[in-house]
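What follows is a single structure, written as structure tokens, with notes after it.
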Amino acid sequence: MVNPRAASEKPETITKSLAPGISGSPYCLIFAGRGGTGKSTHARLHTEWIQRAAMLIKIGDVDRTNATLTAFYSDLVESPPTADDKDVMNFLEKIIESQIEEKYNLILDFGGGDLILKNLALRINLVEFFDRHGIEPVLFHHLGADMDYLSYLTSLEENNLFTPRRTIVVLNEFIKPSTQSVETAFDMIIGSRQLRAVLERGARMISLPELFPAPHIDRKRLSFYEALENLPSMERSPLGPFKRQILKEWLRTVEERFRDAEIDLPWIPAKGVTK
């Protein structure tokens with residue numbers, strides 16, 4: 001496991017809780033970063049957590065090359081009519097305005113390295129906009145072990161282009177050289193000036209462990225908890241007991257890492273929920 005606190009010269013700035021949101025305000029969860037960093041898998045997990053917490057949710061699938069979330073949550077997903085920049089920008093405007101009006105939680109899954117979020121932030125001050133309309137933005141930056149993965153994060157941090165108080169850096173332990181340990185592979189990322197600056201302004205960092213049964217879960221189009229529960233009524237064939245145990249331990253680990261990082265989002269499962 002990557003130790004997110006090892007790189008900061010001022011660890012006290014990392015251990016503070018994220019600033020609390022407006023009481024009862026809906027959240028806009030934004031999943032960003034290069035392709036192949038686990039954005040859609042991570043977005044699916046938060047979708048399930050929010051559903052299990054009985055909170056309203058809608059998904060904007062803005063991934064123009066791989067509409068993964070649409071395949072899993074067709075009843076929750078809305079997408080732009082085309083991949084054209086104007087259509088995508090108009091779609092974002094409409095779905096965010098709809099969120100303001102209807103007060104649901106919104107997940108936005110962007111394609112790998114897609115600049116549409118940056119372009120939107122260049123047009124308007126997104127943090128100020130969300131705050132004015134009672135929406136709490138949560139920005140997830142997804143990184144692999146190569147320093148090049150920091151470029152998208154840096155582009156949004158420069159000149160405070162889009163730096164919401166709830167910013168969470170997600171290190172994907174799967175995206176590393178097979179010959180290196182997780183700690184060694186991410187050492188340069190964790191020690192980088194760019195990441196240290198993000199953490200020192202109050203962002204959080206977690207690492208996502210590799211989920212070995214992921215291809216089987218994806219191929220069967222199972223939700224994580226559906227696969228875990230192995231319901232006999234499921235139309236799709238369930239996972240075997242070995243893969244279910246791996247999935248259970250993965251879910252427990254991710255839940256614990258969110259709690260250990262003091263990420264106080266209301267849908268994060270309490271300790272002992274996943275048994």
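We find the CG-CG distance between L239 and L222 to be 6.0 Å, quoted to the nearest 0.5 Å. The structure places CD of E262 at 9.0 Å from CG of D260, a figure rounded to the nearest 0.5 Å. Interatomic distance, L29 CG to H42 NE2, rounded to the nearest 0.5 Å: 8.5 Å. Between the CD1 atom in I124 and the CD atom in E93 there is a gap of 8.5 Å [rounded to 0.5 Å]. In this structure, the separation between OG on S223 and CG on L45 is 10.5 Å, given to the nearest 0.5 Å. To the nearest 0.5 Å, atom CG of residue N172 and atom OG1 of residue T41 are 8.0 Å apart.
Distance alone, capped at 3.5 Å, places no donor-acceptor pair between the Y27 side chain and the L265 backbone. Side chain of R165 to backbone of P137: no donor-acceptor contact under 3.5 angstrom is found. Not one N or O on the side chain of Q194 forms a donor-acceptor pair closer than 3.5 Å with the backbone of L153. With S151 contributing its side chain and D148 its backbone, the two residues share a donor-acceptor pair below 3.5 Å. Put simply, the side chain of T154 gets close to the backbone of L150: a donor and an acceptor are under 3.5 Å apart. Of the possible donor and acceptor atoms, none in the side chain of H142 sits under 3.5 Å from a partner among the backbone N and O of V170.
Aromatic ring centres of H46 and F140: separated by under 6.0 Å. Aromatic ring centroids of W250 and F212 lie 6.0 Å or more apart.
The shortest side-chain heavy-atom distance between I206 and L171 does not fall under the 4.5 Å cut-off. Taking 4.5 Å as the limit, every side-chain heavy atom of I57 sits out of range of all side-chain heavy atoms of L106. Two residues are said to be in side-chain contact when any heavy atoms from C-beta on lie closer than 4.5 Å; P26 and E136 fail this criterion. Between H216 and L211, every side-chain heavy-atom pair lies at or beyond the 4.5 Å cut-off. Counting only heavy atoms from C-beta outward, the side chains of I95 and Q99 never approach each other to under 4.5 Å. Put simply, the side chain of R52 does not reach to within 4.5 Å of the side chain of W267, judged on heavy atoms. No side-chain heavy atom of K176 sits less than 4.5 Å from a side-chain heavy atom of S181. Considering only heavy atoms from C-beta on, C28 comes within 4.5 Å of L108 through its side chain.
E102 and S98 form a side-chain donor-acceptor contact under 3.5 Å, judged by distance and modelled atom types alone. With no hydrogens or angles considered, no side-chain donor-acceptor pair links S79 and D61 at under 3.5 Å.
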- request: Starting from the C-alpha separation in whole Å, work towards a yes-or-no answer on side chain to side chain contact (heavy atoms under 4.5 Å, CB included) for N160 and N125.
  value: CA-CA 9 Å; N160 293 318; N125 185 324; over 6 Å; no
- request: Please test M147 against I189 for side chain to side chain contact (heavy atoms under 4.5 Å, CB included), starting from the C-alpha separation and ending with a verdict.
  value: CA-CA 6 Å; M147 291 292 287; I189 290 278; 4.1 Å; yes
query: Run the side chain to side chain contact (heavy atoms under 4.5 Å, CB included) check on E173 and L208 step by step: do they pass?
result: CA-CA 6 Å; E173 295 180 6; L208 285 182; 6.0 Å; no
- request: Please assess L117 against I30 for the test side chain to side chain contact (heavy atoms under 4.5 Å, CB included), listing each intermediate value before the final yes or no.
  value: CA-CA 9 Å; L117 175 60; I30 299 169; 3.7 Å; yes
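The two residues A71 and R221 come nearest to each other via the heavy atoms CB-NE, 3.3 Å. Minimum heavy-atom separation, T82 to V88: O-CG2, 3.8 Å. Scanning both residues, P164 and L139, for their nearest heavy atoms gives CG-CB, 3.6 Å. The two atoms that bring L161 and S155 nearest to each other are CD2-O, 3.6 Å, heavy atoms only. For the residue pair F31 and I107, the shortest heavy atom distance occurs at CE1-CG2, 3.9 Å. Across every non-hydrogen atom of I50 and L56, the tightest pair is CG2-O, 4.2 Å.
Linking ILVMFWY side-chain heavy atoms closer than 4.5 Å, directly or via other members, places F224 and I246 in two distinct hydrophobic clusters. Cluster annotation: I116 and Y152 are assigned to the same hydrophobic cluster (Ile/Leu/Val/Met/Phe/Trp/Tyr, side-chain heavy-atom contacts under 4.5 Å, transitive). Cluster annotation: F162 is connected to F129 through the hydrophobic network of ILVMFWY side chains, with a link wherever side-chain heavy atoms come within less than 4.5 Å.
Under the ring pair (Phe, Tyr, Trp, His ring centres under 6.0 Å) criterion, F110 pairs with no residue, sequence neighbours left out.
A cation-pi geometry, defined here as NZ or CZ lying under 6.0 Å from the six-membered ring centre and within 45° of its normal, does not hold between R44 and Y73.
Contact check on K243 versus E249 returns no salt bridge, with no Lys/Arg side-chain nitrogen under 4.0 Å from an Asp/Glu carboxylate oxygen. With respect to the salt-bridge test (charged N to carboxylate O, under 4.0 angstrom), the residues E157 and R201 qualify. A salt bridge is absent between K271 and E255; no separation between the charged side-chain nitrogens and carboxylate oxygens falls under 4.0 Å.
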Using a 3.5 Å cut-off and no angle test, enumerate the donor-acceptor pairs between side-chain atoms of residues 33-40 and protein atoms at least two apart in sequence or in another chain.
residue, atom, partner, partner atom, Å
T37, OG1, R34, O, 2.7
K39, NZ, R34, O, 3.0
S40, OG, D109, OD2, 2.7

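Ring geometry for F258 against W49 counts as perpendicular: the plane angle is over 60°, on a 0 to 90° scale with 30° as the lower cut.
A 6.0 Å sphere centred on CE of M188 holds no more than 12 heavy atoms belonging to other residues, nucleotides or ligands. Other residues, nucleotides and ligands place no more than 12 heavy atoms under 6.0 Å from the CZ atom of F174. Shown here is K94, whose NZ atom has no more than 12 heavy atoms of other residues, nucleotides or ligands within 6.0 Å.
For residues 78-88, every residue pair satisfying the salt bridge (charged side-chain N to carboxylate O under 4.0 Å, His left out) rule, not counting sequence neighbours, is listed here: K58-E78, R64-D85.
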